[in-house]
K.L.:
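Can you keep this structure in mind? I'll have questions shortly.
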Amino acid sequence: MKRFLAIKVFLWFWLTVISTLAIMVSVSFLQPDVLASKDISPPMLKNLFHMKKSLDRHLERMPDKSLEEILTHRRHGKRSKLYLKNSDPDKSLISSPELNQFDLTLLNFAIGDEPKVINTEKYRAYGPVSIRARQYDYQLFMILDNREGDLFLKVKLMPRWMKLTILLLASLVLSYWFAMGLLKPIKQLQLAAAKLAKGELNARAQVDSKRRDELGQLGKDFDIMASQLETQVLSQKRLLADISHELRSPLTRLQMATGIAAGKASGELDNYLQRIEKESHLLDHMLSDILQLSRLESGTSCLVLHSLCIAELLEPIISDAQFESQQLNKQIVVGELPEAYLVGDAVLLNRAIENIIRNALKYATAKVTIKCEVINEQFVLQVADDGAGVSEEMLDKLCIPFYRASQSRTPDVNQKGGFGLGLAIAQHAIKVHHGHILFKNNHGLDVTLSIPLTQQNDLQQ
């Protein structure tokens, strides 16, 4: 397998290095002529002072000649060119006309007590050395052509802070660009995996199909895996729904036959038939829940949206729950019901809220508290019981079909929703209304659901 990603990282590293150098060179051409100085070597220093002594001797021996004639003497200009810098520019002298092509004014910034090697783009100067000639004070420089290439010299003469700034900025920008290109498909994979983990089976990474490296192949493999997973899960749900649907007919016939037999039976046989009838009703209820859950999970459940008064929606549900609580010697405490209106499917919302309240009533010790209000255009319903609650690691699993937080919580034939389907149906019914449900322990199990007052779908009258 070709390591495209390794090659890309390698090439990008060298691209960053070359681009940084290119930017540095480009910037160097934009700056004006500059100079840089360093310590002079002992041989060159000796040569410089030797040249000063030679000039002094010629000045003494030839008092009738001008300083300019002595400076242009063949012996002085044979190996190097000389420049005598005076505080008055008109009195400065050069030993060769070739020096006119150089910008000698740069040496104004280099005059000091100690001789140095002064590098500029065009030439290299050694000095200065003080000398007095013909009643004037001069600074003596030896000028040589700079043999270093212009390109590297300009970069070399750049200030350190400028070179460091270019190096940091160029490397940061190019590295950030590369990192974003590398992290984008990883971020897409992360988001798709998170959605898939939440049950959104249609989630796909959708990594750019033009990518030919390992990350591009990983994105393609992820999307293939997600597609196969979605197909398998939907097929499994469809199979469960089909089986449940097909079982309804023989179950109905079984209930009818049991009813006929119960009318003709007596004694101990009648007790067995009554037991069969109870179990068949329980099975019928479970199949209804499975079909309802399958339709909600597959999205085939058709919402019939209406404008519903929240108080009118909750009153019959709470009334039934209060009647049931009296039989169980438990208490239901209800707060004030809001008169606001909610857009939703009355049947689904009724089923969801009833399942939540019945679940709380089932596991409460003595009391269930119901509180509902409208907050920020959201209908919020809180149902809390005073039971034992569930462990923290089990809170996220309460809406899994057929899941029970404790193995001791087996289904009761006298109560509905004992197969772990009630909360699963409630969760999906709330989800299709673009709401969410939250579980937490607070002296028992505290269930909070919130649903927006208006839906994205058009209101259906």
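Numbering of residues begins at 1 and proceeds along the displayed sequence. Predicted model only: the values in this text are computed from it and were never measured. We use all heavy atoms of the structure for the numbers below, so side chains are in, but hydrogens, waters and symmetry mates are not.
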K.L.:
Mind checking the CD-CD spacing from Q378 to E373? Nearest 0.5 Å is all I need.
P.N.:
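Nearest 0.5 Å value for the CD-CD distance: 12.0 Å.
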K.L.:
Can you tell if the side chain of Q322 reaches within under 4.5 Å of the side chain of I318, non-hydrogen atoms only?
P.N.:
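A side-chain contact exists here, since the closest heavy-atom pair is under 4.5 Å.
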K.L.:
Quick one: does I430's side chain get under 4.5 Å of I356's, heavy atoms only?
P.N.:
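Yes. Closest side-chain heavy atoms under 4.5 Å.
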K.L.:
Return the minimal non-hydrogen interatomic distance between A346 and L313, and the atom names on each side.
P.N.:
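Looking at all heavy atoms of both residues, the shortest contact is O-CD1, 4.2 Å.
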K.L.:
Side chain to side chain contact (heavy atoms under 4.5 Å, CB included), that's the test. Do K440 and V447 meet it? Break it down for me.
P.N.:
CA-CA 7 Å; K440 64 178 181 179; V447 183; over 6 Å; no
K.L.:
Evaluate the side-chain proximity of V207 to L218: yes if any heavy-atom separation is below 4.5 Å, no if none is.
P.N.:
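Not touching, per the 4.5 Å side-chain cut-off.
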K.L.:
Closest heavy-atom contact between V374 and P338?
P.N.:
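Heavy-atom minimum between the residues: CG2-CB, 4.2 Å.
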K.L.:
Any side-chain heavy atom of E230 within less than 4.5 Å of one from N202?
P.N.:
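Contact flag for E230/N202 side chains = yes.
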K.L.:
Minimum heavy-atom separation for A321 and L361, please, with both atom names.
P.N.:
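Taking every non-hydrogen atom into account, O-CD2, 3.7 Å.
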K.L.:
Heavy-atom count around N100 CG within 6.0 Å, excluding the residue itself: above 12?
P.N.:
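Counting neighbours around CG of N100, more than 12 heavy atoms of other residues, nucleotides or ligands fall under 6.0 Å, so yes.
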K.L.:
If the threshold is 4.0 Å, N to carboxylate O, is there a salt bridge linking E336 and K371?
P.N.:
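No, this pair does not count.
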K.L.:
Side-chain donor-acceptor pair under 3.5 Å between D446 and Q382, yes or no?
P.N.:
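A pair is found: one side chain offers a donor N or O, the other an acceptor, under 3.5 Å apart.
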K.L.:
Tell me, yes or no, whether the heavy-atom count around K187 atom NZ, taken from other residues, nucleotides or ligands under 6.0 Å, exceeds 12.
P.N.:
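No, NZ of K187 has 12 or fewer neighbouring heavy atoms, counting only those of other groups under 6.0 Å.
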K.L.:
Let me see the working for L381 and I370 under side chain to side chain contact (heavy atoms under 4.5 Å, CB included), right down to the final yes or no.
P.N.:
CA-CA 7 Å; L381 175 68; I370 301 175; 3.7 Å; yes
K.L.:
Has the side chain of T365 got a donor or acceptor atom that lies under 3.5 Å from a matching backbone atom of D386?
P.N.:
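Yes, the answer is positive, given that a donor and an acceptor are paired below the 3.5 Å cut-off.
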K.L.:
Report yes if the side chains of L229 and L196 come closer than 4.5 Å at any heavy-atom pair, otherwise no.
P.N.:
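In contact.
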K.L.:
Any chance you could lay out the side chain to side chain contact (heavy atoms under 4.5 Å, CB included) test for T454 and E377, step after step, and finish with the verdict?
P.N.:
CA-CA 8 Å; T454 57; E377 297 299 316; 5.7 Å; no
K.L.:
To check you understand the geometry: which heavy-atom pair defines the closest contact between P452 and L342, and what is its length?
P.N.:
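Minimum heavy-atom separation between P452 and L342: O-CD1, 3.2 Å.
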K.L.:
Taking all non-hydrogen atoms of both residues, which atom of A205 and which atom of L189 are closest, and how far apart?
P.N.:
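The pair with the smallest heavy-atom distance is CB-CD2, 3.6 Å.
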K.L.:
Once rounded to the nearest 0.5 Å, what's the spacing between atom CG of L314 and atom CG of N350?
P.N.:
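Reported value, rounded in 0.5 Å steps: 9.0 Å.
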K.L.:
Under 3.5 Å, side chain of H433 to main-chain N/O of D345, donor-acceptor pair present?
P.N.:
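At least one qualifying donor-acceptor pair exists.
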K.L.:
Which distance, rounded to the nearest 0.5 Å, do you find between the CZ of F379 and the OH of Y341?
P.N.:
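With rounding to 0.5 Å, CZ (F379) is 14.5 Å from OH (Y341).
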K.L.:
Has the side chain of S319 got a donor or acceptor atom that lies under 3.5 Å from a matching backbone atom of E315?
P.N.:
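Pair absent, no side-chain N/O of S319 close to backbone of E315.
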K.L.:
Could you tell me the separation between the NZ atom of K116 and the OH atom of Y126, rounded to the nearest 0.5 Å?
P.N.:
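One finds 14.0 Å between NZ of K116 and OH of Y126.
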K.L.:
Once rounded to the nearest 0.5 Å, what's the spacing between atom CG of D223 and atom CD of Q188?
P.N.:
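The CG atom of D223 sits 9.5 Å away from the CD atom of Q188.
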K.L.:
For D385 and K367, what are the C-alpha separation, side-chain angles and deciding distance, and is it a salt bridge (charged side-chain N to carboxylate O under 4.0 Å, His left out)?
P.N.:
CA-CA 6 Å; D385 63 66; K367 184 174 69 174; over 6 Å; no
K.L.:
When you compare the side chain of V383 with that of T448, does any pair of heavy atoms fall below 4.5 Å?
P.N.:
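The answer is no; the side chains never approach within 4.5 Å.
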K.L.:
Are E324 and K330 ion-paired here, with the side-chain N under 4.0 Å from a carboxylate O?
P.N.:
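No, this pair does not count.
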K.L.:
Closest approach of L337 and C372, non-hydrogen atoms and distance?
P.N.:
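For L337 and C372, the tightest heavy-atom pair comes out as CD2-SG, 3.3 Å.
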K.L.:
What's the separation between atom CD1 in I317 and atom CZ in R358, rounded to the nearest 0.5 Å?
P.N.:
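Separation between the atoms: 10.0 Å.
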K.L.:
Would you please test V390 and N441 for side chain to side chain contact (heavy atoms under 4.5 Å, CB included) and show each step?
P.N.:
CA-CA 7 Å; V390 297; N441 285 312; 4.2 Å; yes
K.L.:
Any side-chain heavy-atom pair from P115 and M44 closer than 4.5 angstrom?
P.N.:
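Side-chain contact under 4.5 Å: no.
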K.L.:
Less than 4.5 Å apart, any side-chain heavy atom of P128 and any of K85?
P.N.:
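SC-SC contact between P128 and K85 ruled out.
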